[in-house]
Amino acid sequence: MNILLKSAKIINAQNSELHLKKRDILIKNGIIDTIATKIEAPKGVKTVALKNLHVSLGWFDSSVSFGEPGFEERETISNGLHTAALSGFTDVVLNPNTHPLADSSSDIVFLKNASLDFASNLYPLGCMTMGAEGKDLAELYDMRNAGAVGFYDFKSPITNSNLLKIALQYVQNFDGLLYSQPLDVNIAGKAEVHEGITSTKLGLKGIPAMAEELQIVRDLFILEYTGGKLHIPTISTANAVKLIADAKKKGLDVSCSVAIHNLYFTDELLEEFDSSYKVYPPLRTKKDTKALIKALNDGLIDFVTTDHIPLNVELKAVEFDNATHGAIGLESAFGLLHQIYDLEKCIELLTQGRERYHIKENKFVEGNKASLTLFDPDLEYVFDKEKIRSTSKNSMVLGQTLKGKVYGIYNNNQLVLET
Amino acid sequence: MSELSVQHLLGIKYINEKDIQLIFETADHFKEVINRSIKKVPSLRDITIANIFFENSTRTRLSFELAEKRLSADVINFSAGQSSVKKGETLIDTVNNILSMKVDMVVMRHPNPGAGIFLSKHVKAAIVNAGDGAHEHPTQALLDSFSIREKLGDVAGKKIVIVGDILHSRVALSNIFALRLQGAQVKVCGPKTLIPKHIESLGVEVETNLRKALNWCDVANMLRIQNERLDISYFPTTREYTQQFGVNKAFLDSLDKEIVIMHPGPINRGVEITSDVADSKQSIILNQVENGVAIRMAVIYLLASKIK
């Protein structure tokens, strides 16, 4: 599709010539053809003129769940990718959070085939163990060859240390990326929220920050022994940051991410037992959010994620104990992140992380693939349930005023715009 | 006329000191009523109350039912064992089905913390929390404070120690909120494994030596071990627990002063207290039970008066 973006302010710190400049951008057949101060639309080219239009390279999210196959009532691949596009994301890594779980190459092939022809790209993760049971390794090499970009027993901590050791050794042959959920399940017990003043007041058993940190310490010890590539998804405590930063200094190949809601919300919100705020890892304290915000800013946390988990209302509108962990995050990602960081930092954070998964990074120069996110960073709006595109509406941002609205993306020769 | 600041009684956390005093003054009146030869008043003839119990209870359920009947309310009882809950019905559907039969108030006991709060946001009825997991048991705390007030004249300034399984106890939590609201000093005592790490943030002190705790206090509220909520072993044996945290008559007599013994029931005789302590003149356990009816009458009466 050929389009002309009119008067778009470019946010791309890597290209100092264009960064913060207003330009017209002509895109032909999916390629950035011309970037100039003024371009007249050639015949047959659609002109896109949007209020306060800003444009950056397409955004990346390393942790997204849909529901297909098995939980289509939560989200389908089609609507999930459409929602991702309207939220500004051109590339998303899909968690193995389906039924059946993606633990074989045929499952990965299904996901890849089901996600062809969309504007946003989907990169599936495969399970590390068969059925994510934490016992027998799945066929990791075969899944990698089918398109899996990493291996993760979704939200299930690896309790068997030897299994992690073997897995880390095994994947080195083909440069595989392993995930380890940071939680010591014995310390956490049946607890489902952060252990602190709020959990005490509410009579809820709490997960001490130590449960996360102990597991990370173990993982790092094993990684030091084995070598290999380890990713620790969605850390949530101040000390976790320090542990991982120290390991990186030692030269270990470890990365970590943080969920946007763990930067913004704290456990005090649980006081009304509202299951919208029931997520895992749990919302923690102000001290933790401050440390995480700083660590992300300083580059100690590798990338930010929405940790988007759509859940149908039947899984949420129940007693707090019985509610499922998770919240959608794609559509509120930019608006929420922009409450924390300035625009340039937001865009830097939303565009980094691909390298870890060997996903091609594009450049904002003529002749390159056009993989762009279009947005208005100044528009204030109320995040309204009625306007949510995701099949599931389990957001913790409902009713909140956000600043920064995404128009859509141009990617894979397709334009997807909010109508 | 004074009225409560809330539409529901979901926990002591959600009410204020004035509410507590209003409930006590109303309960004073009802205590006098239930000691008359005719123990019933016609106040709530137009009110229907459903007692919905998703957890076993004898004392609390009987106490609520008696309180409701003495106020002349129509009463229906419902327990999870006989219900569609076992067939997979959600809590909201279960309660809404009952409410569609024109029920005005729901008294609910539930194993999940916050279940009453959840329900109050989704159904149109006044909700009384009769115990929600390890969260709150507000009427128990009110009757406990009412009994202390009756025995010692006032709650403010009194020293209360709560002994036992604090970690799993809704009675402990509601008592802490209620006692602190009324200006009492509170300590908790028990094995460290059964005391929440952050309990001091609620304005209480932790004392793990039972003798020190009891020598300090005016009143000891002895809780039972919530065996049904223990997911792992928090102490080696009941025998060893009793050696450290059980009170027998000799122990009681050896204290520096004569303290008041309370227990929310059911008692595990010989574990947290021996029979001679439970039945001693220092015990006000049966007064608590009697006061329970008066307090629940007061709570129901005051909430019913807010139903338009």
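Just the heavy atoms: all of them, side chains too, but no hydrogens, waters or symmetry mates, feed the values below. First the proteins, then the strands, lettered A, B, ... as listed; each starts at 1.
- More than 12 non-hydrogen atoms from other residues, nucleotides or ligands lie less than 6.0 angstrom from NZ of A/K165.
- Using a cut-off of 4.0 Å between Lys/Arg side-chain N and Asp/Glu carboxylate O, B/K121 and A/E272 are scored as salt-bridged.
- At a 4.5 Å heavy-atom cutoff, the contact between B/L173 and chain A is made by side-chain atoms alone.
- For A/N160, the CG atom sits in a packed shell: over 12 heavy atoms of surrounding residues, nucleotides or ligands are nearer than 6.0 Å.
- The most heavy-atom pairs under 4.5 Å with chain A, out of B/K13, B/H135, B/E200, B/H168, come from B/H135.
- Considering only heavy-atom pairs separated by less than 4.5 Å from chain A, the leading option among B/H110, B/R170, B/E136 is B/H110.
- Around CD of B/E17, the count of heavy atoms belonging to other residues, nucleotides or ligands within 6.0 Å exceeds 12.
- Within the 4.5 Å cutoff, the side chain of B/P196 has heavy atoms near those of the A/T200 side chain.
- Inter-residue side-chain proximity for A/F273 and B/P113 is flagged as met; some heavy-atom pair is nearer than 4.5 Å.
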Starting from the C-alpha separation in whole Å, work towards a yes-or-no answer on side chain to side chain contact (heavy atoms under 4.5 Å, CB included) for A/K205 and B/L167.
CA-CA 8 Å; A/K205 282 203 176 158; B/L167 184 64; 4.2 Å; yes
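- Counting non-hydrogen atoms of neighbouring residues, nucleotides and ligands closer than 6.0 angstrom, the CZ atom of A/F221 reaches no more than 12 such neighbours.
- Between the side chain of A/K201 and the backbone N or O of B/L202, no donor-acceptor pair lies under 3.5 Å.
- Neither the backbone nor the side chain of A/E314 comes within less than 4.5 Å of any heavy atom in chain B.
- Pairing each heavy atom of A/E319 with each of B/F118, the nearest pair is N-CE2, 3.9 Å.
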Going through the checks in order, is the side chain to side chain contact (heavy atoms under 4.5 Å, CB included) test met by B/H198 and A/T198? CA-CA 9 Å; B/H198 299 273; A/T198 303; over 6 Å; no
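- Atom CD1 of B/I92 sits in a crowded spot, with more than 12 heavy atoms from other residues, nucleotides or ligands closer than 6.0 Å.
- The number of heavy-atom neighbours closer than 6.0 Å to NZ of B/K197, taken from other residues, nucleotides and ligands shown, is 12 or below.
- The closest side-chain heavy-atom distance from A/V318 to B/L91 is not below 4.5 Å.
- Counting heavy-atom pairs closer than 4.5 Å to chain A, the top residue among B/I117, B/L119, B/I176, B/L10 is B/I117.
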